[in-house]
Amino acid sequence: MSIYTVLIDANNFFVSCERLFRPELRNKPVIVLSSNDGCVISRSEEAKALGLTMGEPYFKVRERCDQHGVSIFSSNFALYRDMSRRIMSVLRRYADTVEAYSVDEAFVALDGRDGDIAQQAHALHTAVIRETGIPVSVGVAHTKTLAKVATHFAKPKYGGRGVNLLLEPYVRNVALEELPVDEVWGIGFRLGPVLKDLGVTTAGKLIRMDDTWLRKRLSVRGLRTVYELRGTPCFTVGEDTTLRKSLLHSQSFGRPVYDLSGLKQAIAHHARKAAEVLRVEGAAAREVYVTIRTSRHTTHRYSAYDGDTLTHHTNDTITIVQTALSVLERMYRKGFPYAKAGVMVKDIVPEESVMPRTIFGEESGARKPLMHALDALRHRFGDRAVQLGAEELRCTTEKSWHPKSNTLSPRYTSSWADIPTVSPHVA
DNA sequence: TCTGGGGTCCTAGGACCC
DNA sequence: TCTGGGGTCCTAGGACCC
């Protein structure tokens, strides 16, 4: 009996989520845009066939989309997160160890009881599709990196049927010889071209390179990747229970912001959101960083990143907002067309490890009940129910920093008001 | 006019110490 | 003031991921 590493990867996840509630869009070109309707982040197979590429700025392809009748959606992360949770809960019925690697991918560990790993993989595949309506690809191997390769070839565009096992040495080697080196998980847009220039064009060639050479060129992380491709596990599958190290909340503006007061509203908003995430996760942070910058595509450029360390860990909205605003005032330079702002908190620890008396600061021990009350209101009535004075202009319709989102789909699964009245589900 | 929003890990180099 | 080896800690930046 051995342990298998299985990767479940949703096909064109955001587009698939949108299609769930618009079944008439199946077999049609569909794309989903990033926040601010900036660029293309998810494409149906039909949209890929039109030559629309990942990360392409929308303004460059708008005309082509119009010509071919491409359906366009602004990203609806509330919907995607909810569908992601549903997929994960199906997987947890089939495996004890489920690692939700990203919103559209999960690793699970299965043991090969009865030698029926292929059957188990197919059962998983069928269950997710039947219960969520989201098409997925399933790859089975002995390491995470090889499971990635297996899933790659499980996709319809490579002739796969949704489930692919990469277990026999011969099958594995054939796959690696076919896989371009820059498609390997862990070899990115920087190292890929370097390796190709050196003649290492495929994963098959990569695994035949000398370890010392690999260590020097790719550092330890790259060497581990190669070990994994050779079949030696270096990255274990498991739910990561440790707290995150940092938390960033940021957004590009709908149009350039010049004045400090506009930036203050945005920073107050991002700081509040960061504090809320900390409380939801039962965590507290001690470092508060602010980032502001102009567009990279303007001649009048400025970017800044700076922060303060608090005297104690906290997740109090008011403390974090005030800190962020004072950092902002320090770094703000007049006259630049700012395009983006964000707040990052670091040095994150579990809330319970912080002395209860100081969790909200000695001067504000009474604030904890207030934060609880705010969280309860937000949970009950939504994000817009409670905001800070500093970000109040967000409530108005014409707030200069608010991002554009012109073609947003309804929050079908996460807002009572948007639940569809008819659900024409077709399997 | 218009180019996302999150994260992690590793390394090199500087500051500082004996 | 200069010489030198050897160690730790911290941070910025680079590389990767979705």
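These numbers come from a predicted model, not from an experiment. Here is the naming used below: chain letters follow the sequence lines, and residue numbers restart at 1 for every chain.
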Separation of [X] atom [atom1] from [N] atom [atom2], in whole Å?
X: A/Glu287; N: C/dT11; atom1: CD; atom2: C1'; result: 11 Å
X: A/Tyr305; N: C/dA12; atom1: OH; atom2: C1'; result: 10 Å
X: A/Tyr80; N: B/dG6; atom1: OH; atom2: C1'; result: 15 Å
X: A/Ile72; N: B/dG4; atom1: CD1; atom2: P; result: 17 Å
X: A/Leu52; N: B/dT3; atom1: CG; atom2: C1'; result: 15 Å
X: A/Arg81; N: B/dG5; atom1: CZ; atom2: P; result: 14 Å
X: A/Arg296; N: B/dG4; atom1: CZ; atom2: C1'; result: 10 Å
X: A/Leu223; N: C/dC16; atom1: CG; atom2: P; result: 16 Å

Review point. Counting only heavy atoms not in A/Asp96, do more than 12 sit closer than 6.0 Å to its CG atom?
Key: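 No, the 6.0 Å shell around CG holds no more than 12 heavy atoms from other groups.
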[N] phosphate, OP1 or OP2, under 4.0 Å from [X] side-chain N/O:
X: A/Lys148; N: C/dC18; result: yes
X: A/Lys60; N: B/dT3; result: no
X: A/Ser34; N: B/dG5; result: no
X: A/Ser75; N: B/dG4; result: no
X: A/Ser295; N: B/dC2; result: no
X: A/Lys340; N: B/dG5; result: yes
X: A/Arg215; N: B/dT11; result: yes
X: A/Arg224; N: B/dC10; result: yes
X: A/Arg244; N: B/dG7; result: yes

Any base atoms under 4.0 Å from [X], or only sugar-phosphate, or nothing? Heavy atoms, all strands.
X: A/Val40; answer: nothing
X: A/Glu105; answer: sugar-phosphate
X: A/Tyr58; answer: nothing
X: A/Leu33; answer: nothing

Looking only at side-chain atoms of [X], point me to the closest of [options].
X: A/Pro57; options: B/dG6, B/dT3, B/dG4; answer: B/dT3
X: A/His249; options: B/dG4, C/dC18, B/dG6; answer: B/dG6
X: A/Ser219; options: B/dT8, B/dC10, B/dG6; answer: B/dC10
X: A/Arg190; options: C/dC18, C/dA15, B/dG7; answer: C/dA15
X: A/Phe189; options: B/dT3, C/dC16, B/dT11; answer: C/dC16
X: A/Leu191; options: B/dT3, B/dT8, C/dA15; answer: C/dA15
X: A/Asp104; options: C/dC18, B/dG4, B/dG5; answer: C/dC18
X: A/Phe59; options: B/dC10, B/dG5, B/dT3; answer: B/dT3
X: A/Trp185; options: B/dG5, B/dT3, C/dC17; answer: C/dC17

Check your understanding: With nearest nucleotides of DNA chain B determined for A/Val220 and A/Ser250 from heavy-atom distances, which residue corresponds to the more 5′ nucleotide?
Key ->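 Nearest nucleotide further toward 5': that of A/Ser250.
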Practice item. Name the residue closer to the 5' end of DNA chain B, choosing between A/His270 and A/Gly38 according to the nucleotide with the nearest heavy atom. Key: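 So the residue in question is A/Gly38.
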Point to revise | salt_bridge(A/Lys148, A/Glu105) N-O dist < 4.0 Å | key: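 Between A/Glu105 and A/Lys148 there is a salt bridge, with a charged N closer than 4.0 Å to a carboxylate O.
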Exercise for review: Would you check if the distance from the ring center of A/Tyr338 to the ring center of A/Phe253 is below 6.0 Å?
Suggested key: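 For A/Tyr338 and A/Phe253, the ring centres are not under 6.0 Å apart.
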**Study point:** Mutual orientation of the aromatic rings belonging to A/Phe336 and A/His300 [parallel < 30°, tilted 30-60°, perpendicular > 60°]
**Key:**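 Rings of A/Phe336 and A/His300: parallel, under 30°.
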Check your understanding: How are the rings of A/Phe14 and A/Tyr80 set to each other: parallel, tilted or perpendicular (split at 30° and 60°)?
Key ->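 The rings of A/Phe14 and A/Tyr80 lie parallel, inter-plane angle below 30°.
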Review point. If we ignore angles and hydrogens, is there a donor and acceptor under 3.5 Å between the side chains of A/Arg279 and A/Thr317?
Key: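 A/Thr317 and A/Arg279 do have a side-chain donor-acceptor pair below 3.5 Å.
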Exercise for review: Go through the side-chain N and O atoms of A/Lys48 and A/Asn12 and say whether any donor and acceptor fall under 3.5 Å apart.
Suggested key: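 Yes, A/Asn12 and A/Lys48 have a side-chain donor paired with an acceptor closer than 3.5 Å.
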